[in-house]
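Every chain is numbered from 1, with letters handed out A, B, ... down the list of sequences.
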Amino acid sequence: MDFLAGLNDRQREAVLHTEGPLLIMAGAGSGKTRVVTHKIAYLIEEKNVYPGNILAITFTNKAANEMKTRVADLLNTEVDHMWMGTFHSICVRILRRNIDKLGYEKSFTIYDRDDQKTVIKECIKEVNVDKDMYKESYLISRISSLKDEQMDPDEFINMNYNDFRERNIGEIYGLYQKKLKAYNALDFDDLLIRAVELLEEDSDLLDYYQKKFQYIFVDEYQDTNKIQYKLVRLLSAWHKNICVVGDSDQSIYSWRGADITNILNFEKDFPGAKVILLEQNYRSTQSILNVANSVIKNNDSRKDKKLWTDNKEGDQVIYEQCEYSDEEAFFVAKRIHEFLYKGYKPSDVAILYRTNVQSRIFEEIFMTEELPYKIVGGLKFYDRKEVKDLIAYLNFIENPNDNVSLKRIINTPKRGIGNATIEKIEKYAAETADSMYGVILSIEDVPGLNTRAINSIKPFVELMNRFMAMKEIMGIKDFIEAVIEHSGYIEELERENTIESKTRIDNIKDFLSVALNFEQKNEDANMDDFLASISLLSDVDKTVDTDNMITMMTVHSAKGLEFPIVFLVGMEDGLFPISRAFENDDDLEEERRLCYVAVTRAEQQLIITNAKKRTIYGNTSFTISSRFLDEMGDTIVRNEKKIVKLKKHDDTGLKERLLDVFDYDESRFIAPKAKVKNNSNMDIEVGTKVKHKKWGIGTIVMIKARDDGDKELTIAFDNEGLKKLLQSIAPIQIV
DNA sequence: ATTTGTTCTTGTCGG
DNA sequence: AAGAACAAAT
């Protein structure tokens with residue numbers, strides 16, 4: 001197979017340049033994924049490189065999977081041995097094998113933000129500082145950036161010895177790390193740091209990985225931080241075949257430590273590096289690129305370059321200023337109806353905003369407008385209480401030192417173990433330098449506990465011990481099922497018997513199918529791998545992309561994605577660019593790059609909106625148009641079309657306001673008529689009661705999205721039991 | 001110990 | 001405006 005076919009000269013050059021450091025400066029939509037996949041395929045096929053000697057680091061797991069599939073498609077060979085994943089997942093993989101050399105157990109737990117918060121709270125209590133003076137979120141971010149700089153707590157305390165406040169932060173930082181170690185847990189930063197530490201300390205191991213990874217690829221290199229840079233340097237030092245891909249104009253993560261100098265200094269850091277520029281854009285129309293170019297050129301600290309395209313001019317980029325923020329959402333909904341009528345699919349459309357709070361109003365309007373949508377980073381399945389509880393069970397059973405998880409589950413479901421009891425256990429554990437689990441194993445030794453407390457603890461300990469034994473002989477899914485059942489978790493929910501508890505049960509069942517799915521895909525994986533895989537999912541990874549829906553997400557989440565139609569909403573000063581960026585030129589330039597990223601997501605049509613008055617966080621205020629709109633100048637045109645549909649039932653007063661804003665033009669309105677014929681837009685959810693002409697009344701107990709956009713409904717009929725139906729064709733009505 | 005009611009806080013972006 | 005943290009009542 002010819003891996004060079006269909007590539008332009010620059011892209012071809014990038015594929016063929018296999019030896020030595022290579023920086024591919026790839027503008028938005030310039031086909032970098034194509035280059036990388038073809039290059040990997042070329043290496044395997046033409047240069048006979050064994051896939052296991054290739055390491056590719058991507059920004060999300062989804063991107064990694066896509067890349068893997070694309071390479072596999074090009075080759076028709078097995079590429080499973082290729083290492084592909086995010087920095088974090090690669091590091092976990094390294095750590096799972098050898099972290100014992102750093103004094104951790106291999107079954108370590110990965111702590112998410114909530115877990116971090118729990119630990120920080122413990123620290124604040126123990127360091128005995130005024131808890132109002134140190135906010136948890138602030139401490140977490142401070143600690144995170146200290147870690148990124150590889151500053152250890154003692155060093156930090158020494159440096160700031162005369163600053164009371166900083167010194168305390170250092171103390172908390174130190175205690176936090178000590179606790180994580182004791183709990184055998186790592187937070188996201190630790191995953192990277194410990195991996196680097198491990199490689200630095202164990203020269204045999206470093207040697208092994210350096211020799212193993214003959215070819216290394218790093219995507220989105222402009223958003224790597226110091227530790228990640230260090231890791232890349234370490235791993236590539238032997239073969240020196242390091243290929244990084246990035247675009248300094250798309251660097252948007254400086255606030256979490258991304259260091260733009262990594263990409264700017266690549267040639268200096270990796271001697272003999274070759275640089276290839278990809279400036280031809282294959283994604284967007286000329287109109288859209290004009291907007292992108294005219295914004296980004298206002299950044300002072302950038303190498304001048306210009307994206308160009310052979311694509312046609314395309315439709316003009318439209319800008320609409322609405323009166324109110326809810327009208328903005330309404331306007332977008334109208335335009336989407338129009339696009340759908342023209343034959344676009346809902347999945348062709350994306351709505352991009354600067355902050356997550358903006359999604360709410362779109363959600364409301366889209367529900368009444370019967371538009372199918374999904375929110376990336378919004379509906380957080382893995383953040384649901386029941387899912388987190390379950391994960392905490394698994395974490396604890398896997399790693400009994402994990403006090404954070406233990407505290408979460410010890411009285412969930414209710415076992416009569418109250419706060420007072422838990423605190424006594426915690427205190428005793430701290431005094432005896434034991435884990436809480438160690439303490440409750442011999443609960444009689446704990447001072448100050450009454451018999452009632454002791455009698456509630458004992459069955460819990462027995463239960464956990466039983467789980468720990470069961471885990472050894474059971475498969476992942478079966479084991480989770482056992483935990484759900486024997487822990488009494490599902491019983492408690494069933495007893496509750498409310499709509500809410502039913503959804504929770506459904507979520508638990510969904511979690512089971514996630515586990516089953518994982519088990520089938522990764523035959524020799526264990527519980528550790530499963531837990532790690534779910535804790536490392538990004539927001540993008542978490543949203544199913546199979547169903548045919550409009551996507552709503554932040555601009556940050558949209559990085560690397562593309563859509564035929566993009567709505568960029570909320571273009572107001574203070575919102576985008578965000579007000580905190582006003583004071584600082586660097587921050588403002590990052591906002592501008594973010595805007596550049598947003599604009600370049602669009603393939604065919606870009607529509608930009610804002611509102612004169614916006615209700616946010618409960619109060620309404622006047623807004624100022626975004627300065628970026630000024631910079632766009634005449635590359636955007638004011639919207640001329642005024643289309644609006646009168647809502648059938650409108651008691652919000654929105655209709656009257658809309659009549660002021662839009663000229664009502666019924667003839668141009670296109671209603672979503674399709675739904676009359678099938679049920680695709682039917683407003684259903686778990687718990688909805690429906691009537692079937694043969695089976696009578698039933699309740700929807702499960703909704704499963706299918707690849708073709710349809711939904712598979714499991715309905716419990718009163719007399720017929722469970723039935724599975726396709727939403728589009730099922731003869732059902734909402735009762 | 002648990003439920004219920006009340007006040008307080010928070011409010012960019014994320015693996 | 002909404003969720004978390006806290007206080008009070010059962």
Q: Less than 6.0 angstrom from the centroid, inside 45 degrees of the normal: does A:Arg165 satisfy that with respect to the ring of A:Tyr134?
A: yes
Q: Could you tell me whether A:Ser456 contacts a base, only the sugar-phosphate backbone, or nothing, with contacts defined as non-hydrogen atoms closer than 4.0 Å?
A: nothing
Q: Keeping A:Thr623 on the side-chain end and A:Lys612 on the backbone end, is there a donor-acceptor pair under 3.5 Å?
A: yes
Q: To the nearest 0.5 Å, tell me how far A:Leu594 CG sits from A:Thr554 OG1.
A: 8.0 Å
Q: Is A:Asp259 reaching over with its side chain to a backbone N or O of A:Lys226, donor-acceptor style, under 3.5 angstrom?
A: no
Q: How many angstroms lie between atom CG of A:Asp247 and atom CG of A:Asp223, to the nearest 0.5 angstrom?
A: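 Answer rounded to 0.5 Å: 10.0 Å.
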Q: Is the count of non-hydrogen atoms from other residues, nucleotides or ligands lying under 6.0 Å from A:Glu149 atom CD greater than 12?
A: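 Yes, because the 6.0 Å sphere around CD of A:Glu149 holds more than 12 heavy atoms from other groups.
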Q: Would you give a per-nucleotide map of nucleotides 5-15 of chain B, 5' to 3', where B means the base has a protein non-hydrogen atom under 4.0 Å away, S means only the sugar-phosphate does, and - means neither?
A: -----SBBBBB
Q: Tell me: CD of A:Glu363 to P of C:dA1, nearest whole Å?
A: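 Nearest whole value for this atom pair: 17 Å.
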Q: Does DNA chain B take part in any stems of at least 3 consecutive Watson-Crick or G-U pairs (both distances under 3.5 Å), and if so, which ones?
A: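 As far as DNA chain B goes, consecutive pairing (with distances under 3.5 Å) yields the stems B:1-10 with C:1-10.
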Q: What does nucleotides 4-10 of chain C look like as a protein-contact string, B for base, S for sugar-phosphate only, - for none, at under 4.0 angstrom between heavy atoms?
A: -SS----
Q: Is the positively charged end of A:Arg408 above the ring of A:Tyr393, judged by distance under 6.0 angstrom from the centroid and angle within 45° of the axis?
A: no
Q: With a 3.5 Å distance limit and no angle check, can you tell me whether A:Glu590 reaches the backbone of A:Ser254 through a side-chain donor-acceptor pair?
A: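 Yes, A:Glu590 side chain to A:Ser254 backbone: donor-acceptor pair under 3.5 Å.
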Q: Taking the six-membered ring for Trp, are A:Phe362 and A:Phe567 closer than 6.0 Å centroid to centroid?
A: no
Q: Do side-chain atoms of A:Ser325 reach the backbone of A:Thr615 as a donor and acceptor pair under 3.5 angstrom?
A: yes
